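Down below is the structure, laid out as structure tokens.
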Amino acid sequence: MEFWIIFLNVKQQCKIHLGLGENTFEMFNKGYEIKSLILGNFFAFQVHTVTLIPGDGIGPEISTAVMKIFEAAKVPIQWEERNVTAIKGPGGKWMIPPEAKESMDRSKIGLKGPLKTPIAAGHPSMNLLLRKTFDLYANVRPCVSIEGYKTPYTDVDLVTIRENTEGEYSGIEHVIVDGVVQSIKLITEQASRRIAEYAFEYARNNQRSSVTAVHKANIMRMSDGLFLRKCREVAENYKDVKFTEMYLDTVCLNMVQDPTQFDVLVMPNLYGDILSDLCAGLIGGLGVTPSGNIGANGVAIFESVHGTAPDIAGKDLANPTALLLSAVMMLRHMGLHADAKKIETACYDTIRDKKVLTKDLGGNSKCSEFTTEICRRVQDMD
Amino acid sequence: MKIKNYSLCEVPIQWEERNVTAIKGPGGKWMIPPEAKESMDRSKIGLKGPLKTPIAAGHPSMNLLLRKTFDLYANVRPCVSIEGYKTPYTDVDLVTIRENTEGEYSGIEHVIVDGVVQSIKLITEQASRRIAEYAFEYARNNQRSSVTAVHKANIMRMSDGLFLRKCREVAENYKDVKFTEMYLDTVCLNMVQDPTQFDVLVMPNLYGDILSDLCAGLIGGLGVTPSGNIGANGVAIFESVHGTAPDIAGKDLANPTALLLSAVMMLRHMGLHADAKKIETACYDTIRDKKVLTKDLGGNSKCSEFTTEICRRVQDMD
């Protein structure tokens with residue numbers, strides 16, 4: 001078999017036509033960076049660059065676990081490790097390091113481990129900085145029950161889509177008079193339409209049957225009313241997806257009694273904060289829940305949302321499941337569905353089998369042993 | 001039905017029935033009928049069933065009107081797992097105490113420019129202190145071991161920060177009750193994994209709206225959850241929080257449990273603990289036994305049959 005390696009520098013969305021002897025084929029680049037093509041027997045392999053932010057605490061070891069599993073699965077991804085610790089830019093403004101920004105702007109895709117919350121560090125939360133730098137407007141959390149990891153619920157399969165730029169988290173507060181404080185919640189037409197469009201596109205692309213807008217427009221008539229109106233307008237363009245509306249308190253009441261009635265849920269910032277954590281709890285907590293942040297300009301950062309767990313950092317005890325499932329979400333976002341399925345199945349099978357589990361999952365295996373087991377299963381699938 | 005229950009049990013209560021449909025008072029302002037207000041001001045204690053929500057009736061929600069008329073500042077919902085009524089949880093035993101006058105429900109909203117709307121959330125020192133004091137008093141009077149303030153002061157530093165500070169200050173006067181603080185999202189994350197870690201929870205309006213319904217869901221829903229509203233000047237109104245169920249109204253199919261447990265809560269509030277215990281036990285035993293259950297509880301008995309069964313048990317206890 002002959003192999004050809006062609007070096008390219010493709011950064012935009014485009015079609016690539018290649019002629020090889022009598023054969024021509026084409027592929028469609030979605031805008032990711034392609035550095036090289038390896039062609040063999042008319043199969044072309046794109047190698048995608050992904051910016052990896054290992055993070056703090058257990059971050060580095062779970063990132064290593066993910067890289068090992070991806071290597072075992074022969075996923076065509078090239079990792080570019082970057083650090084995002086805030087630095088002061090010209091003018092004294094806090095920003096993420098230029099190397100990190102440059103890498104993300106180029107690759108468009110990031111995978112991130114947990115970052116420590118700065119206390120009295122002077123700079124804002126890194127998560128907040130990343131959100132603002134890349135306009136990460138949609139926080140997406142698929143919550144699926146994991147067989148083998150017992151919770152009071154067995155059939156959860158829903159997705160929370162949270163508007164992540166405005167709403168109650170505007171940060172605008174004032175003391176009106178002594179002892180009276182006001183907090184401002186901002187809802188805009190633009191942000192509401194954007195998140196609604198993302199939710200319906202997501203539903204369509206992932207074969208989900210319905211989108212439910214979660215709100216309190218009976219109480220917050222103008223703000224949640226505006227949000228709801230935009231969802232209704234966007235729904236008109238997605239007749240193939242069922243659209244419903246439900247009060248947030250009713251969602252919570254029903255969610256804990258029967259979560260199977262829910263599919264895709266879209267909502268403003270605070271409600272998303274609450275519901276996404278509620279739903280993570282239904283499937284077992286932040287240690288097993290994936291998360292993705294979608295930004296403007298095609299940027300997307302996938303991340304585990306648990307903490308840095310400093311007490312077990314460096315001891316080979318961490319559970320890489322959340323970061324791994326986030327990486328699987330990332331693969332699907334990039335269109336690499338076969339690789340995503342393979343790794344996800346290996347992970348789920350390992351947990352279902354219960355022979356090699358990290359401590360938080362009820363076992364006593366090391367992180368490296370859990371990782372090796374998943375790698376083994378992945379390789380057996382080939 | 002309820003009246004039958006109580007008179008058979010010989011609870012020393014005399015009922016005064018009143019209607020609260022809004023009327024327009026002098027000056028065109030909507031108000032509850034004067035006879036209802038006079039009765040409440042005198043008795044101080046109310047027991048209320050579900051009210052229909054007016055659509056295009058011109059007047060505001062009756063619940064809102066009652067809340068404003070009597071300054072019902074604390075909404076209290078004890079959520080206890082009911083043996084015999086299966087849910088994914090078996091050991092829930094907590095109380096949500098919601099500040100019910102301000103916060104996100106101020107109703108103050110503006111269009112800033114076309115396509116940009118703002119909603120104002122108001123938190124005051126006075127209301128925060130008042131609800132915190134109620135929560136700690138409740139904990140002490142009901143032998144509860146801890147009070148947890150639920151907030152998002154990491155994000156809403158000033159407003160939730162003020163609420164939290166008041167809770168901390170009040171906690172200083174109740175050293176016999178353990179005080180903790182937790183972010184709302186963390187509470188939800190933990191609540192669905194292990195609700196037994198929670199005892200009394202106190203929080204501002206919106207969070208209380210969400211959490212009280214979440215917790216009602218844990219024990220089986222609004223059909224079995226009691227609720228009480230505490231006002232200034234000693235007024236308290238206990239109520240079932242489910243809907244009016246027009247589809248089964250008048251057909252002897254309803255489940256009176258939520259209203260009955262609210263009435264039990266009322267008895268405790270009035271200090272009639274023995275009566276409260278008796279009726280509560282009869283109700284729980286009936287449900288546990290599973291022989292006479294209304295349809296929503298999984299049986300096929302009528303409301304009157306369910307009621308008679310509870311009455312029988314109550315009388316057997318004497």
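Quick caveat: nothing in here was measured; it's all calculated off a predicted structure. In the text below, chain A, chain B and the rest are named by the order of the sequence lines, each starting its count at 1.
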Kindly indicate, with the supporting measurements, whether the criterion side-chain contact (heavy atoms from CB on, under 4.5 Å) is fulfilled by B:K121 and A:V181.
-> CA-CA 8 Å; B:K121 163 177 166 166; A:V181 176; over 6 Å; no
Atom group of B:E104 that falls short of 4.5 Å from chain A, counting heavy atoms = both
Per-residue contact mode, A:Y247 against chain B (heavy atom under 4.5 angstrom) | neither
Greatest number of non-hydrogen atom pairs under 4.5 angstrom with chain A, of B:G107, B:C188, B:S128, falls to B:C188
Return the option, out of A:Q190, A:E166, A:R221, with the maximum number of heavy-atom pairs under 4.5 Å with chain B.
-> A:R221
Taking the side chain as C-beta and beyond, is there a heavy-atom pair between A:L278 and B:L189 under 4.5 Å?
-> no
When heavy-atom pairs shorter than 4.5 Å are enumerated against chain B, which of A:G167, A:G179, A:G284 gives the highest number?
-> A:G179
Bottom line for B:K166: the part with an atom under 4.5 Å from chain A's heavy atoms is neither
So which of A:P152, A:A191, A:S183 has the biggest tally of heavy-atom pairs under 4.5 Å with chain B?
-> A:S183
Is it the backbone or the side chain of A:L275 that comes under 4.5 Å from a heavy atom of chain B, or both, or neither?
-> neither
With only heavy atoms counted, which part of B:F163 is less than 4.5 Å from chain A, the side chain, the backbone, both or neither?
-> neither
May I ask you to check whether over 12 heavy atoms, not counting those of B:E83, lie within 6.0 Å of atom CD?
-> no
Side chain, backbone, both or neither: which part of B:I108 has an atom under 4.5 Å from a heavy atom of chain A?
-> neither
Part of A:T151 within contact of chain B (heavy atom distance under 4.5 Å) = neither
Closest approach of B:I120 to A:I184 (non-hydrogen atoms, all atoms of both residues) = CD1-CD1, 4.0 Å
Under a 4.5 Å heavy-atom cut-off, does chain B meet the side chain of A:L186, its backbone, both or neither?
-> both
Checking B:V111 against chain A: side chain, backbone, both or neither under 4.5 Å from a heavy atom?
-> both
Approximate separation, where rounding is to 0.5 Å, of A:D249 CG and B:I210 CD1 | 7.5 Å
Does the side chain of B:S159 come under 3.5 Å of the side chain of A:E173 through a donor N or O and an acceptor N or O?
-> yes
Segment of A:L248 engaging chain B (4.5 angstrom heavy-atom cut-off) = side chain
Does B:K152 reach the side chain of A:D273, with side-chain heavy atoms less than 4.5 Å apart?
-> yes
Pairwise distance OG1(A:T188) to CG(B:D114) - rounded to 0.5 angstrom | 12.0 Å
Answer key: most heavy-atom pairs under 4.5 Å with chain A among B:G217, B:S212, B:S106 is B:G217
